[in-house]
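Starting from 1, each residue takes its place in the sequence as its number. All values below come from the heavy atoms of this structure, side chains included, with hydrogens, waters and symmetry mates left out. Source: prediction; values computed, not measured.
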Amino acid sequence: MTERSRGAAVQEADQLQIGPSNVRWTGEALEIDIVERDTRLFNPIHRRVRGKLRVIPRAINTVPFGLDPDARHRWHCLAPRARIELRMDEPGISWNGEGYLDSNSGEESLEEGFRVWHWSRAHCREGSVVNYEGVRRDGSHFASALRFAKDGSPEPAELPMVAPLPNTFWQIERKTRADRGHARALDTWEDSPFYARSQLLTQLYGERVVAVQESLDLDRFKSPITQFMLPFRMPRKRG
């Protein structure tokens, strides 16, 4: 899932360089310098994409979570809530907003460990809420709800009811968790044969919130048809 070769990545203690772009931690913010071009196949205009994104955490969580009994896959919500500052030179756009920062790591690829997962996060008046659930490759299910306080500390919360959502154009099954099992998709930001990211209007623990939700189907991802299509969507560069 990268357009660049292995040799184009250089990792240091507080910086990751991928081709001409890089991500670095300054001590107070994650700064992302973007220096890229649109390289989609059959697109003759390879326009430049250049600018800077700053992610300034409002709180830091130091506790990662295992997604399987042996913790071969780990999820870490680094900043349950953050301020975002985007300044793009090409194209010339800029905006500020609210964000979130997490990471996944593990001892094996995602498709080896999981069949499907559904995730969502919402900013509330006091802190943030994350719901995470899925089916592991062995068929076992997992589901959890976490509430993050203003200082970033996580606490397990009662898991809300399942709230089904309409399938996407590519027929990706979506679902989330919500009070009384009701949520509404406001927009679908990304819709692919194996992954969807959406914006929801929902209610959690008595508070009406706007949430970000994702669904990932790893059976579809590893299918021969999807693997054949990926190089056309993400052509590999040498540098």
Side-chain angles (χ1 to χ4, degrees), residues 1-2 61-80 100-122 124 127-149 152-185 188-200 202-205 209 211-227 229-230:
M1 290 299 293
T2 178
N61 166 47
T62 61
V63 182
F65 297 89
L67 298 178
D68 60 285
D70 298 325
R72 293 180 60 81
H73 294 268
R74 296 170 296 279
W75 166 69
H76 189 176
C77 177
L78 297 154
Y100 164 96
L101 179 65
D102 70 0
S103 72
N104 287 84
S105 61
E107 315 304 326
E108 61 187 6
S109 65
L110 290 176
E111 64 269 26
E112 290 179 278
F114 301 93
R115 294 180 181 175
V116 65
W117 77 32
H118 306 279
W119 166 97
S120 67
R121 65 94 174 150
C124 306
S128 303
V129 176
V130 174
N131 292 308
Y132 216 145
E133 64 185 294
V135 181
R136 302 185 186 99
R137 182 55 58 188
D138 63 7
S140 61
H141 292 245
F142 68 97
S144 64
L146 289 171
R147 301 192 72 171
F148 291 88
S153 58
E155 288 188 4
E158 182 180 354
L159 194 64
M161 295 176 62
V162 172
L165 298 164
N167 288 2
T168 67
F169 172 82
W170 285 98
Q171 293 304 301
I172 291 291
E173 181 186 9
R174 294 182 290 186
K175 67 178 179 180
T176 188
R177 296 282 177 154
D179 293 355
R180 299 189 299 277
H182 295 295
R184 179 163 62 92
T188 301
W189 291 333
E190 187 164 352
D191 186 359
S192 80
F194 61 90
Y195 173 79
R197 179 175 286 256
S198 311
Q199 182 187 45
L200 310 179
T202 183
Q203 183 169 305
L204 290 167
Y205 308 108
V209 294
V212 177
Q213 185 270 351
E214 71 175 16
S215 293
L216 177 64
D217 188 324
L218 288 154
D219 284 344
R220 282 200 180 185
F221 171 73
K222 70 174 188 174
S223 74
I225 294 175
T226 301
Q227 292 300 310
M229 294 168 60
L230 278 176

List for me each residue that meets ring-ring contact (aromatic ring centres under 6.0 Å, His included) alongside Y100, sequence neighbours excluded, and say none if there are none.
-> W119
Side-chain touch H141/V135, heavy atoms, less than 4.5 angstrom = yes
For E173, all residues meeting salt bridge (charged side-chain N to carboxylate O under 4.0 Å, His left out), sequence neighbours excluded = none
Go through the structure and list residues passing salt bridge (charged side-chain N to carboxylate O under 4.0 Å, His left out) with R72, not counting sequence neighbours.
-> E108
Which residues share a ring-ring contact (aromatic ring centres under 6.0 Å, His included) with F114, sequence neighbours left out = H73, W117, F142
For D219, enumerate each residue passing the salt bridge (charged side-chain N to carboxylate O under 4.0 Å, His left out) test, keeping only those at least two apart in sequence or located in another chain.
-> R137
Once you round to the nearest 0.5 Å, how far does SG of C77 lie from CG of L146?
-> 8.0 Å
Output all residues satisfying side-chain hydrogen bond (donor to acceptor under 3.5 Å, both in side chains) with T188, sequence neighbours left out; order by chain, then residue number.
-> R174
Determine whether H76 and N61 make a side-chain contact, defined as any pair of heavy atoms from C-beta on separated by less than 4.5 Å.
-> yes
Start with the C-alpha distance between D102 and V130, add both sets of side-chain angles, then the distance that settles side-chain contact (heavy atoms from CB on, under 4.5 Å), and finish with yes or no.
-> CA-CA 11 Å; D102 70 0; V130 174; over 6 Å; no
Could you walk me through whether F221 and L216 pass side-chain contact (heavy atoms from CB on, under 4.5 Å), step by step?
-> CA-CA 8 Å; F221 171 73; L216 177 64; 5.5 Å; no
Report yes if the side chains of S144 and F65 come closer than 4.5 Å at any heavy-atom pair, otherwise no.
-> no
side-chain contact (heavy atoms from CB on, under 4.5 Å) between E133 and L159, intermediate numbers included | CA-CA 10 Å; E133 64 185 294; L159 194 64; 5.9 Å; no
Counting only heavy atoms not in E158, do more than 12 fall under 6.0 Å of its CD?
-> no
Where at least one partner belongs to residues 188-197, residue pairs that pass salt bridge (charged side-chain N to carboxylate O under 4.0 Å, His left out), sequence neighbours excluded = R197-E214
For E107, what residues pass the side-chain hydrogen bond (donor to acceptor under 3.5 Å, both in side chains) criterion, not counting sequence neighbours?
-> R74
Mind checking side-chain hydrogen bond (donor to acceptor under 3.5 Å, both in side chains) for T202 and listing every partner two or more places apart, or none if nothing turns up?
-> none
With D138, which residues qualify under side-chain hydrogen bond (donor to acceptor under 3.5 Å, both in side chains), at least two apart?
-> S140
Is there a side-chain contact between P69 and R136 (heavy atoms, below 4.5 Å)?
-> yes
Taking the side chain as every heavy atom from C-beta outward, state whether W170 and D217 have any pair of such atoms under 4.5 Å apart.
-> no
Exercise: do S215 and Q213 side chains pair donor with acceptor under 3.5 Å = yes
With sequence neighbours left out, what residues match H118 under ring-ring contact (aromatic ring centres under 6.0 Å, His included)?
-> none
ring-ring contact (aromatic ring centres under 6.0 Å, His included) against Y205, all qualifying residues, sequence neighbours excluded | none
